[in-house]
Enquirer: 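One structure, as structure tokens, below. Some questions next.
Please read all numbers here as calculations on a predicted model, not as lab measurements. In listed order, ligands and their atoms are each counted from 1. Residue numbers run from 1 in the order of the sequence given.
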Amino acid sequence: MTNSVSDALKRVKPSATIGMSAKARALKATGRDVIALSAGEPDFDTPENIKEAAIRAIREGKTKYTDVDGIPELKDAICAKFKRENGLDYKRSQVNVSPGGKPVIFNAFLATLNPGDEVVIPAPYWVSYPDMALMCGGTPVFVETRMENGFKLDPKDLAKALTPHTKWVLLNSPSNPSGAAYTRAELAAIAAVLIDFPNVLILTDDMYEHLVYGDFEFTTIAQVEPRLYDRTLTMNGVSKAYAMTGWRIGYAAGPEWLIKGMASVMTQTTSNPSSVSQWAAVEALNGTQDFIPKNKLIFQERRDIVVSMLNQAQGLKCPTPEGAFYVYPSCAGLIGKKTPTGKVIDTDETFALELLEAEGVAVVHGSAFGLAPNFRISYATSNAELEESCARIQRFCASLS
Ligand SMILES: Cc1ncc(COP(=O)(O)O)c(C=O)c1O
């Protein structure tokens, strides 16, 4: 008899972003004035029309089990969204709806990975990718990007990382944590490498599609290179675009064999995503899209405040990202310096912990996202809180010697 957890779970570490938010909450509970810039969710409420659709669904008794990987009405709304916004044609049988974007990826990995299969992940990456690959028996292979290239995958580096064992290549544009988004030409250059590896599947996580700023035009790889359509899983969700993180609806479209496999996983695990949330998602995708451009403008203004103020902090360098609601400044200029209490800033993790301790600002260290020394700020909060927290960061940086 043993009370130890499985080998699969031992391979996994808990999410650093959730960990940092918990530390911030704990400090706040002691009465400290804490600003958490660590959580990855919009601060807006779900739009009224979407809430009303959910209330209607409850009243109409749409409260039972549904088809395991999504109701036909939502699959149709998803097909219409891919056609309208991405120029991609999918049938219902090519669509999966899961309880959030996270399970879409997990279901895809569980349905396809065998021990020894490699999953190529550009770094910095969203914290869950490597651990989900590990849980499903795969081996993450990291390809570092560079700040000078806007944290974008260099096609030459991608080519070097591909082997006969590569099962998946993951793309995430705009990126969590860097905010970097790929242009059509950049995606075409990546596609040109992938064309020569016909056994490789591509997972593109387009969760932040609607959060791109200025005149940046979002595109996705299956649209840019139709020859990759048959082996691309184009993933998206309503969590970020429609401020619906708690509703738990993510979706993806791709080849039928894969979608069937993902549905099989769901038949033995979660079953269907919440029926009520699915009806809310139908309204999110089919209803008015007014919410999106309004939010974009708000987020763009916040991004500009944060980038400008961080670049005025001693020792920090913050590129201007194209999208999402994150920035990923480098704190390389502060490594080796000391706090007034004598603590040496030896890593970005120490930087984040000391910043929280000294100024009550919670950020997430870059080493958690696979590229250091950096840190991630989520700017999904009010301008006033952003200005206050960036002023505190400036003060903290100036206090180091
Ligand atoms: C890049 C990326 N993909 C997927 C997700 C997961 O979204 P969901 O909350 O729908 O599971 C997130 C959430 O933080 C994310 O940042």
Enquirer: Polar contacts were defined as any N/O atom of the residue lying under 3.5 Å from an N/O atom of the ligand; does this apply to Y208 and ligand 1?
Expert: yes
Enquirer: Distance under 4.0 Å to a non-hydrogen atom of N172: what atoms of ligand 1 satisfy this?
Expert: 1 (C)
Enquirer: I'd like to know if K337 and E354 make a salt bridge, using a cut-off of under 4.0 Å between side-chain N and carboxylate O.
Expert: no
Enquirer: Do the charged groups of D67 and R92 touch, with an N to O distance under 4.0 Å?
Expert: no
Enquirer: As a quick check of understanding, evaluate side-chain hydrogen bond (donor to acceptor under 3.5 Å, both in side chains) for K81 and N286, giving each step before the final call.
Expert: CA-CA 8 Å; K81 173 259 177 284; N286 286 349; over 6 Å; no
Enquirer: Of all the non-hydrogen atoms in the protein, which one sits nearest to atom 12 (C) of ligand 1, and at what distance?
Expert: W126 CZ2, 3.4 Å
Enquirer: Does K240 come within less than 4.0 Å of ligand 1, judged by its heavy atoms?
Expert: yes
Enquirer: Please could you name the atoms of ligand 1 that G100 approaches to less than 4.0 Å, counting only its heavy atoms?
Expert: 10 (O), 11 (O)
Enquirer: Output the list of atoms in ligand 1 that are nearer than 4.0 Å to some heavy atom of D205, sorted by atom number.
Expert: 1 (C), 2 (C), 3 (N), 4 (C)
Enquirer: One residue to check: M207. Relative to ligand 1, which of side chain, backbone, both or neither has a non-hydrogen atom less than 4.0 Å away?
Expert: side chain
Enquirer: Taking T245's backbone N and O only, do any of them form a donor-acceptor pair with R248's side chain (distance below 3.5 Å, no angle check)?
Expert: yes
Enquirer: Looking at L134, I121, L203, which hits side-chain contact (heavy atoms from CB on, under 4.5 Å) with Y129?
Expert: I121
Enquirer: Under 3.5 Å, N or O to N or O, is G101 touching ligand 1 that way?
Expert: yes
Enquirer: Give the residue and atom name of whichever protein heavy atom lies nearest to atom 9 (O) of ligand 1, and the separation in Å to one decimal.
Expert: R248 NH1, 2.9 Å
Enquirer: List every atom of ligand 1 that sits less than 4.0 Å from any heavy atom of Y129, numbering the atoms from 1 in the order shown and giving each element.
Expert: 1 (C)
Enquirer: Verify side chain to side chain contact (heavy atoms under 4.5 Å, CB included) between M244 and I249, making sure each step is shown before the conclusion.
Expert: CA-CA 8 Å; M244 291 177 71; I249 297 290; 5.7 Å; no
Enquirer: Does K62 pair with E73 as a salt bridge, N-O distance under 4.0 Å?
Expert: no
Enquirer: Would you mind telling me if ligand 1 is within reach of the side chain of E41, the backbone, both or neither, using heavy atoms under 4.0 Å?
Expert: neither
Enquirer: Run E225 and L187 through side chain to side chain contact (heavy atoms under 4.5 Å, CB included) and show every step you take.
Expert: CA-CA 8 Å; E225 180 44 271; L187 282 179; over 6 Å; no
